[in-house]
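Residue indices begin at 1 and follow the sequence shown. Whatever order the structure lists them in is the order used to number ligands and atoms, beginning at 1.
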Amino acid sequence: MEPVTLRTERLELSIPVESDADAITAAAQDPEVPRWTVLPSPYRRADADTFLTMTAQRWDAGTDLVWAIRRDDAWVGMIGLHGVFVGGQAEIGYWMASTARRQGYLTEAARAVIDFAFAPEPLDLQRIEWRAVVGNVPSSRSARALGFRYEGVLRQGLASPRGRYDGWIAGLLRADERTPQPWPNLED
Ligand SMILES: CC(C)(COP(=O)(O)OP(=O)(O)OC[C@H]1O[C@@H](n2cnc3c(N)ncnc32)[C@H](O)[C@@H]1OP(=O)(O)O)[C@@H](O)C(=O)NCCC(=O)NCCS
């Protein structure tokens, strides 16, 4: 698939490129990133280079569609659809640079990705899944704000380079209202 650029009120989402590598490497030093994601730790510049090569190949294959989230042309985060099955489903994943968090950027970017995913062309998805390591409240709150419905716990269901973890799972169907629903794992 040709990489697609998405635009929102404050952000541009486009394929990550070589000039993003330093910003990605710097942001990946935040311990919250390996704590909750599958990114390598320690994270070196070579990891960013490998990631950029794989991202281009996966856009080409149409299996994983990953966007750099940009504010005023600066890289501030990453969001993607993984395991894309056209006409079926995919899993959403995201992480933000610590300096760009709590400003609503993630939810703004994710709404654009979800609209793209559910549009009849080119993906026509019916369902988007979200998974996170049990205890990841910021990610849960983000998914809940987007309209995802909590579906349960995947016992030892998530794997990262650091081991296996219990996971929370949620889903959003094309026909679902995007109004936030109560999540039993979140207190507020
Ligand atoms: C999860 C993450 C991407 C959220 O990004 P963000 O830009 O801060 O998100 P937003 O500003 O759009 O906020 C989205 C929701 O999360 C909530 N939130 C964000 N950070 C939070 C925190 N530290 N504690 C509690 N809630 C938090 C916001 O309040 C908002 O929920 P609300 O609408 O119910 O108020 C970011 O915290 C991150 O990169 N974390 C580390 C990596 C990670 O966990 N990735 C997800 C793996 S599944």
Problem - Residues Tyr150 and Ser140: side-chain donor-acceptor under 3.5 angstrom - result: no
Problem - Rounded distance (nearest 0.5 Å) linking atom OG of Ser160 with atom CZ of Arg35 - result: 13.0 Å
Problem - All ring pair (Phe, Tyr, Trp, His ring centres under 6.0 Å) counterparts of Phe116, not counting sequence neighbours - result: Trp67
Problem - Val33 near ligand 1 by a heavy-atom separation under 4.0 Å - result: no
Practice task
State whether the number of non-hydrogen atoms from other residues, nucleotides or ligands found under 6.0 Å of Arg10 atom CZ is greater than 12.
Solution key: yes
Handout entry: Heavy-atom nearest option to atom 8 (O) of ligand 1, drawn from Arg144, Arg102, Glu91, Arg131
Key = Arg102
Handout entry: Nearest-neighbour protein heavy atom for atom 38 (C) of ligand 1, which is reported as residue plus atom name and distance
Key = Arg101 NE, 3.4 Å
Practice task
Indicate yes or no: does Glu151 engage Arg127 in a salt bridge with an N to O separation below 4.0 Å.
Solution key: yes
Practice task
Specify side chain, backbone, both or neither for Glu108, according to which of its non-hydrogen atoms lie closer than 4.0 Å to ligand 1.
Solution key: neither
Exercise for the section: For atom 3 (C) of ligand 1, state which one of Tyr94, Trp183, Tyr105, Trp168 supplies the nearest heavy atom. Expected result: Tyr94
Handout entry: Structural part of Gln103 in contact with ligand 1, heavy atom criterion under 4.0 angstrom
Key = backbone
Please set out all donor-acceptor pairs under 3.5 angstrom arising from side-chain atoms of residues 36-47, sequence neighbours excluded.
| unit_1 | atom_1 | unit_2 | atom_2 | d |
| --- | --- | --- | --- | --- |
| Trp36 | NE1 | Glu32 | OE1 | 2.8 |
| Thr37 | OG1 | Val33 | O | 2.7 |
| Thr37 | OG1 | Leu39 | N | 3.2 |
| Tyr43 | OH | Ala48 | N | 3.4 |
| Arg45 | NE | Asp49 | OD1 | 3.2 |
| Arg45 | NH1 | Asp22 | OD1 | 2.6 |
| Arg45 | NH2 | Glu18 | OE2 | 2.7 |
| Asp47 | OD2 | Arg44 | N | 2.7 |

Handout entry: Protein residue, atom and distance nearest to atom 4 (C) of ligand 1, heavy-atom basis
Key = Ser142 OG, 3.5 Å
Practice task
Inspect the contact between Asp188 and Arg141 and indicate whether a charged nitrogen and a carboxylate oxygen are less than 4.0 angstrom apart.
Solution key: yes
Problem - Any N or O of Trp36 closer than 3.5 Å to N or O of ligand 1 - result: no
Practice task
Run the numbers for me: atoms of ligand 1, each under 4.0 Å from some heavy atom of Trp95, listed by number.
Solution key: 39 (O), 42 (C)
Practice task
Provide the number and element of each atom of ligand 1 under 4.0 Å from a heavy atom of Arg141.
Solution key: 15 (C), 16 (O), 17 (C), 25 (C), 26 (N), 29 (O), 31 (O), 32 (P), 34 (O), 35 (O)
Exercise for the section: Could you see which bit of Asp30 sits under 4.0 Å from ligand 1, with heavy atoms only: side chain, backbone, both or neither? Expected result: neither
Fill in the blank from the handout: Of Val38, Leu106, Thr37, the residue with the heavy atom nearest atom 5 (O) of ligand 1 is Leu106
Practice task
For ligand 1, indicate whether the residue Ala145 contacts it via side chain, backbone, both or neither (heavy-atom separation under 4.0 Å).
Solution key: side chain
Handout entry: Distance filter under 4.0 Å to Gly104 heavy atoms, resulting ligand 1 atoms
Key = 10 (P), 11 (O), 12 (O)
